[in-house]
Amino acid sequence: MERSLLRYIWSHTRRQQLWILLVVAASMVPYFLAFDLPKQIINGPIQGNGFEALNARQPFFRVVYDLPLIGRAEVFSGIDLDRQQTLMALSTTFLILVLINGLFKFYINTYKGRLGERMLRRIRFALVDRVLRFPPKHFKRLKSAEIASMVKDEVEPLGGFTGDAFVLPALLGGQALTTLGFIIVQNMWLGMLTAGIVGIQLSIVPRMRRRVRELGRLRQLTAREFSGRVSEIVDGIGAVHSNDTSNLERADIAWRLGRIFSIRYDLYQWKFLVKFINNLIAQVTPFIFYAFGGYFVLIGKLDLGQLVAVIAAYKDLPSPLKDLIDWDQARQDVQIKYGTVCDQFSVEPLIAQSVHAPASGPTSRLETSIIISNLTLVDDTGARLLDGVSTEIKPSETIALVGAAGSGAEAFAEALARLIWPEFGSITIGDQDLLDMPESITGRRIAYASGEPFLLHGSVMDNLLYGLKNAPRPSATTHNEQRIESERYAIEARMAGNVDFSPHGNWIDYQAAGADGLDDLLHKVLPTLDDLQISDDIFGLGLRSTIDTKEQSAVSERIVELRGSLRKRLVETQLDEMLIPLDFDRYNIQASVGENLFFGTWGRGTSSDLDVITHPCFQRVLNSTGLDHSLYEMGLEIAEITVELFRDVAPQHSFFRRLTFMAAEEIPIYQATLSRCRGLRFEHIPPKDRASIIVLSLAYIEPIHRFGILTEPLMDQLVAARKLFHTDIPDDIANLIDRHDPERVTASATVLDNVLFGRIASQVADADAHIQTVVKELFRAAGLYENVLSLGLQFDVGAGGKRLSLAQRQKLNLARALMKRSDFTIFNRPLSALDQRVDEEITRGIVKRRNKAEQAATILWGLSDPRVAQIFDRVLFFQRGSLIGNGTYFELARSNAAFREFLDLPSDHR
């Protein structure tokens, strides 16, 4: 990377900088004229110089030049004006010059602002581009939070400085020199004194700021280290809690914050000391003007108009000088920041740019063998992972990679996927080295999946199709407005040195997945999901999702029809006791008190029960039915029991997952509320405390929480209040609640709840699993299985896929690799989180389906269970970094003693 920030800026913005410098030079003309006009106005029409005679007139806007060899030439004789007309003309000219100077400043500032933002975009893109080109082993030494902090925050000042890099010193220097020149023209001595003070100011202040620069560098480094440390705590929060080291982490954070505080406080002291001295020197010059300038006026060596013009001109001198000193400070600061960023991102060797170049069209199949010659791999510490391995991987071959952890089998698979670069030896395909091949070939024709999956923060479908989004493709449905907008985006992207691809275009390679388009893609996805035994998981995610009744009205109507089919099926299979239907005239014991009272669920966007509890209409219902006292007493008992049982339980305990009415952090709050309310009559309790207690009762479910406080009379009372509540419900409350209706879908409820239109009996063993099985069969029979599966595919997996289990993440990662239908597929113990039986079933299923394909791909599979290697054509057996076995499973079992020992087979096994 270019080490000098100014050279980097100049190399990328040369034309724009030259143009804006020309504009700055042009702006100096009206800037100088604006200084001279006050003198002409005071000495001319105001004091009367040139207007001594009655009805005297003076030419205005007379243009005369003294040209060499030609002599004095008059271009324009001017317009004769009297004293008042001249005053108005000069004042109007002054106003016009002020407007012109303002417009110059506006244009210069907006132009350099756009220039700076464009350069900031270029720098950030260049840094991320370099990250994408880092060698794989370098990432083991990086902290992602520090890299993100540098790209986001530390280069932010570089963009603002770009616009000022050449324009600001030219503009400020030009203004300062213009002002100083004007003062010298008016009076030589005043000009020389001003120049001397300016020279002292420009020499002392920058030297004092060296300490400020050093402190700024230390502040940047400590802040980056602090960011990385916080990221470590977040990533390792499980280890912190399991080892009781939270107080150690607090102590470390407090020490780091104290160090940052000390540096920043010292920085403030030096910064404001420099500002104090700078302001002190700047205020000396007005004293000179008033004292010595006034003296020159008194003795007649300087007229009053000149003194006023000099003072007015000097008023504008400190500002550009101060800004010029600040610019120099900013230049040194951003150079330090840029230098530290360069140090972090100057990594060698980088992946060649040609490797990442997008392909212009479809890539051809890899139909030749992979030749591994004397392959030696080392980790970032220099320890050998693999030593001198040579072999050949033929097309359409299935190979099992077998070996204990650390044997070299995993490193061998990573090397074939280019995740580890060879220290010695080579991996070639045909006559081309694997490392030199473009990713447009290896990324499409070679698939890789390991037991450490990477999932995007997006939907299941986004992650499933991630391997198919390798290049933008033209869209036939682009509207004219969209095309114009995309062209504008592309032009600006190219000017900032970015790629001009739009991430919102059509990136999916349907042909690679064997699909004709988006509608056909789901049919291609289903077999892969079935092979990996993840279809049921995704179907379950779909059942727990909500459905848009407007966009999927036909599906909504069918879901209502399925309610009757479900009741009938449960009766036929004698499972009807597992489901308690919702009935407006009956209390549903499996639903919460609040859901029974409102006979509905909260609509989307409703935050809490307090939205309804505090409403006057609801308060009238509670008062008229006596439920206000009943629900308060119930909530009070819930609060007392919960606080008594769980106040000393750790917040991470599994008990709190079942407490739907109170979170762990709310226990101290309710403990204080109970202290305030204990012994008070109902009427004397503050309304806020009363509402917070009643909220607890609304979330209570007797079969789940089992406090034994929900009686039959109270349930009857709740049903009666429900009917009264819905008799005359106001619109603002009705909009908050989605009422249960047997003839329509409840928009805020899940698909499963809509089909059930009831609640599963929690006391019946395996009721949930049995009912979901029946529901799945009903959806298949109704032809709605794929609709629900599509909903599941839109499920948000969360940051890093953490909303899914590790087993689900591994299956999804494996499915993503299979969707590419590559020529070489490398699986590096991809299902390590699954039990051995399921792992073997999935492995056998994938290999079996691969054998039936028209163009069978080559599979290399790092196995967790070596006995599964029987189904593969060949076995590569690794031990202590060496390849010590190469042949079929049965050949190695007969002839290789180490392999037999690894499998724990008897020595006479044949």
Side-chain angles (χ1 to χ4, degrees), residues 449 453-468 513 518-519 521-549 551-552 555-556 558-559 562-563 566 601-602 604 657 660 738 745-760 766-819 830-831 833-834 838 842:
F454 162 73
L455 297 186
L456 303 168
H457 191 172
S459 68
V460 174
M461 195 66 167
D462 291 335
N463 283 279
L464 195 60
L465 302 181
Y466 185 66
L468 300 176
L518 187 60
D519 297 333
L521 194 59
L522 182 61
H523 300 290
K524 302 300 180 182
V525 169
L526 280 176
T528 302
L529 300 180
D530 291 337
D531 286 343
L532 295 174
Q533 301 181 17
I534 197 176
S535 300
D536 288 344
D537 294 347
I538 296 177
F539 184 81
L541 296 177
L543 289 179
R544 295 196 296 273
S545 303
T546 57
I547 188 170
D548 193 321
T549 54
E551 293 185 1
Q552 297 173 307
V555 178
S556 301
R558 299 294 304 280
I559 287 177
L562 288 178
R563 291 173 179 172
L566 176 63
T601 59
W602 297 130
R604 297 172 185 173
R657 286 203 297 263
T660 58
D738 285 336
V745 166
T746 306
S748 59
T750 65
V751 173
L752 181 62
D753 286 341
N754 271 295
V755 175
L756 298 180
F757 199 71
R759 295 293 176 264
I760 298 174
D766 299 326
D768 188 72
H770 284 302
I771 286 183
Q772 287 209 36
T773 300
V774 174
V775 169
K776 180 179 178 181
E777 293 173 357
L778 290 174
F779 272 103
R780 282 190 180 276
L784 297 177
Y785 175 79
E786 292 184 3
N787 297 87
V788 179
L789 202 67
S790 296
L791 285 176
L793 289 172
Q794 299 308 314
F795 178 79
D796 189 347
V797 301
K802 292 182 180 179
R803 296 185 69 192
L804 303 178
S805 67
L806 178 57
Q808 289 173 332
R809 295 200 298 271
Q810 288 185 344
K811 289 179 180 180
L812 185 57
N813 187 45
L814 189 56
R816 177 168 64 193
L818 291 172
M819 285 294 298
L831 302 174
L834 275 63
V838 178
I842 293 176

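Scope of the values below: all heavy atoms of this structure, side chains included, with no hydrogens, waters or symmetry mates.
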Exercise: identify the closest heavy-atom pair between [X] and [Y]:
X	Y	answer
Ser790	Leu522	OG-CD2, 3.3 Å
Arg816	Asn463	CD-O, 2.9 Å
Ala449	Ala817	CB-CB, 4.0 Å
Ser535	Leu789	O-CD1, 3.7 Å
Leu521	Met819	CD1-CE, 4.4 Å
Thr750	Leu543	CB-O, 3.3 Å

> Parallel, tilted or perpendicular for Phe539 and Tyr785, by the 30°/60° rule?
Replying inline: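 Parallel.
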
About how many Å separate [atom2] of [Y] and [atom1] of [X], when rounded to the nearest 0.5 Å?
X	Y	atom1	atom2	answer
Glu777	Leu566	CD	CG	11.0 Å
Leu784	Lys776	CG	NZ	14.5 Å
Leu532	Ile842	CG	CD1	5.5 Å
His770	Ile760	NE2	CD1	11.5 Å
Leu791	Ser459	CG	OG	12.0 Å
Ile771	Leu778	CD1	CG	11.0 Å

>> Whether the side chain of Arg544 engages the backbone of Leu752 through a donor-acceptor N/O pair (distance < 3.5 Å, no angle test) should be reported.
In response: no

>> Closer than 3.5 angstrom, by distance alone: can the side chain of Arg558 be matched with the main-chain N or O of Ala782 as a donor-acceptor pair?
In response: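 Confirmed, Arg558 side chain pairs with Ala782 backbone.
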
>> Between Asp768 and Gln772, is the side-chain contact (heavy atoms from CB on, under 4.5 Å) condition met? List the steps.
In response: CA-CA 6 Å; Asp768 188 72; Gln772 287 209 36; 3.3 Å; yes

Any side-chain heavy atom of [X] within less than 4.5 Å of one from [Y]?
X	Y	result
Leu804	Asp537	no
Thr601	Asp753	no
Leu529	Ile538	yes
Ile547	Ser556	yes
Val460	Val797	yes
Gln810	Leu806	yes
Thr528	Leu464	no
Leu814	Ile534	no

>> Run the side-chain contact (heavy atoms from CB on, under 4.5 Å) test on Leu834 and Lys811 for me, step by step, so that the C-alpha distance in whole Å, both residues' side-chain angles and the decisive distance to 0.1 Å come before the verdict.
In response: CA-CA 9 Å; Leu834 275 63; Lys811 289 179 180 180; 3.6 Å; yes

> So with a 6.0 Å cut-off around OH of Tyr466, is the heavy-atom count from everything else above 12?
Replying inline: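 At most 12 heavy atoms, drawn from other residues, nucleotides or ligands, come within 6.0 Å of this atom.
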
